[in-house]
Amino acid sequence: MIYLYCYHTEIGCITILEKNKKIIKILVNQPIQEETYIVSETPFIHETYQQLSEYFQGKRKKFTIPLNPQGTRFQKKVWKELLKIPYGTTCTYQEIAKKIGHPKAYRAVGNANHQNPIPILIPCHRVVGKNNKLTGYALGLPIKEYLLQLEKETDLTS
């Protein structure tokens, strides 16, 4: 069974999806499509929301929620590497490609970033283009800028 619940946050409506006490997807300002879900604020979903709230308040720098993103082996490798990017810092697509052993696959890394089903918890917003240029973000560049600025400001104050 897949449970979901929606919350209003600083960046809009966040829908958290849980299966077997693991987060499988987070949607931001997107309608729910196709599958049948049970709309319920489970304790696990509520805990995820609490951690996200603390993050938006600048009080949390690391999430402790179990994740189970669905994707290809390559995508999962990229997402695992994204989890290693420290709070308040950025990394380029090319650097991620090198770290996962595919130095020329920076475009594929970008695509995996775009397909990340659990944004924020898997911090794809911390990946930037060459010369630290902000490039595309599945949730939109204004949200990417907001998240990076939030981390930059709260990283300096702690």
Side-chain angles (χ1 to χ4, degrees), residues 2-19 22-35 37 39 41 44-72 74-97 100 105-155:
I2 298 175
Y3 298 92
L4 68 77
Y5 202 76
C6 303
Y7 300 92
H8 294 284
T9 71
E10 291 80 349
I11 61 170
C13 182
I14 288 183
T15 304
I16 302 169
L17 288 84
E18 166 201 345
K19 183 177 182 179
K22 291 184 180 177
I23 297 304
I24 60 167
K25 190 177 281 192
I26 290 181
L27 302 171
V28 180
N29 299 320
Q30 294 178 335
I32 307 305
Q33 298 177 355
E34 68 221 32
E35 295 185 43
Y37 303 105
V39 177
E41 184 183 32
F44 186 74
I45 288 176
H46 181 75
E47 173 61 25
T48 303
Y49 171 67
Q50 285 300 115
Q51 289 193 23
L52 281 167
S53 293
E54 292 167 5
Y55 169 82
F56 288 127
Q57 294 168 22
K59 296 178 182 176
R60 176 173 291 274
K61 295 183 179 184
K62 190 168 184 135
F63 297 102
T64 58
I65 299 295
L67 308 175
N68 189 16
Q70 300 302 300
T72 66
F74 180 83
Q75 288 171 331
K76 289 180 180 183
K77 198 172 188 181
V78 170
W79 301 334
K80 187 174 180 180
E81 194 62 38
L82 298 180
L83 289 167
K84 297 176 185 176
I85 304 171
Y87 181 96
T89 64
T90 58
C91 191
T92 67
Y93 296 99
Q94 194 166 32
E95 289 169 331
I96 296 292
I100 64 168
Y106 53 90
R107 284 195 177 106
V109 167
N111 188 48
N113 240 28
H114 186 76
Q115 298 299 318
N116 175 10
I118 311 175
I120 305 170
L121 299 183
I122 299 176
C124 55
H125 61 278
R126 295 181 189 152
V127 183
V128 296
K130 270 188 172 177
N131 303 320
N132 291 319
K133 182 180 176 191
L134 288 189
T135 56
Y137 184 55
L139 304 180
L141 282 180
I143 291 178
K144 184 173 189 166
E145 289 177 288
Y146 174 83
L147 297 172
L148 290 173
Q149 189 62 35
L150 169 74
E151 291 185 11
K152 182 179 175 185
E153 289 173 2
T154 57
D155 198 41

* **Chi angles and distances behind the side-chain contact (heavy atoms from CB on, under 4.5 Å) call for T92, V127** => CA-CA 5 Å; T92 67; V127 183; 5.9 Å; no

* Sequence neighbours excluded, which residues qualify as salt bridge (Lys or Arg N to Asp or Glu O under 4.0 Å) partners of K84? ->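 So K84 forms a salt bridge (Lys or Arg N to Asp or Glu O under 4.0 Å) with E81.
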
* **Any residue meeting salt bridge (Lys or Arg N to Asp or Glu O under 4.0 Å) with E54, in chain and number order, not counting sequence neighbours** => R60

Are side-chain heavy atoms of [X] and [Y] found at a separation under 4.5 Å?
X   : Y    : result
T9  : Y49  : yes
I26 : T15  : no
F56 : Y146 : yes
V39 : Y3   : no

If you look at every heavy atom in [X] and [Y], which pair is closest and at what distance?
X    : Y    : value
P69  : K76  : O-CE, 3.4 Å
L27  : K25  : CD2-CD, 3.7 Å
C91  : I96  : SG-CD1, 3.8 Å
P119 : L139 : CB-CD1, 3.8 Å
L83  : P123 : CD2-CD, 4.0 Å

For [X], enumerate each residue passing the side chain to side chain donor-acceptor pair (under 3.5 Å) test, keeping only those at least two apart in sequence or located in another chain.
X    : answer
E47  : Q51
E41  : Y7, H46
E145 : none

Going from [atom1] on [X] to [atom2] on [Y], what distance comes out if it is rounded to the nearest 0.5 angstrom?
X    : Y    : atom1 : atom2 : result
I16  : L121 : CD1   : CG    : 7.5 Å
I23  : T48  : CD1   : OG1   : 3.5 Å
L150 : H125 : CG    : NE2   : 8.0 Å

* Asked: Do any pairs count as a salt bridge (Lys or Arg N to Asp or Glu O under 4.0 Å) and have a residue in residues 4-18, sequence neighbours left out, and if so which ones?
  ->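 Passing the test, one end in residues 4-18: no pairs.
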
* **Test log, rule side chain to side chain donor-acceptor pair (under 3.5 Å), inputs T154 and Y87** => CA-CA 10 Å; T154 57; Y87 181 96; 2.2 Å; yes

Within the distance-only criterion (no hydrogens, no angle test), does the side chain of [X] pair as donor or acceptor with the backbone N or O of [Y] below 3.5 angstrom?
X    : Y    : value
K77  : I100 : yes
Q70  : N68  : yes
K61  : P86  : no
R126 : T89  : no

Applying side chain to side chain contact (heavy atoms under 4.5 Å, CB included), can you list everything that pairs with [X], at least two apart in sequence or on another chain?
X    : answer
T90  : V128, N132, L148
Y106 : Y93, Q94, A97
P66  : K22, F44
K19  : I2, I24

* Structure fact -> Y137 meets the ring-ring contact (aromatic ring centres under 6.0 Å, His included) criterion, sequence neighbours left out, with none

* How about F63 and Y55: are their ring centres within less than 6.0 Å of each other? -> yes

* To do: Check the pair L141 / T135 against side-chain contact (heavy atoms from CB on, under 4.5 Å), numbers first and verdict last.
  => CA-CA 7 Å; L141 282 180; T135 56; 5.9 Å; no

In residues 108-116, what donor-acceptor pairs under 3.5 Å come from side-chain atoms, sequence neighbours left out?
unit_1	atom_1	unit_2	atom_2	d
N113	ND2	C124	O	3.3
N116	OD1	I118	N	2.9
N116	ND2	I122	O	2.9

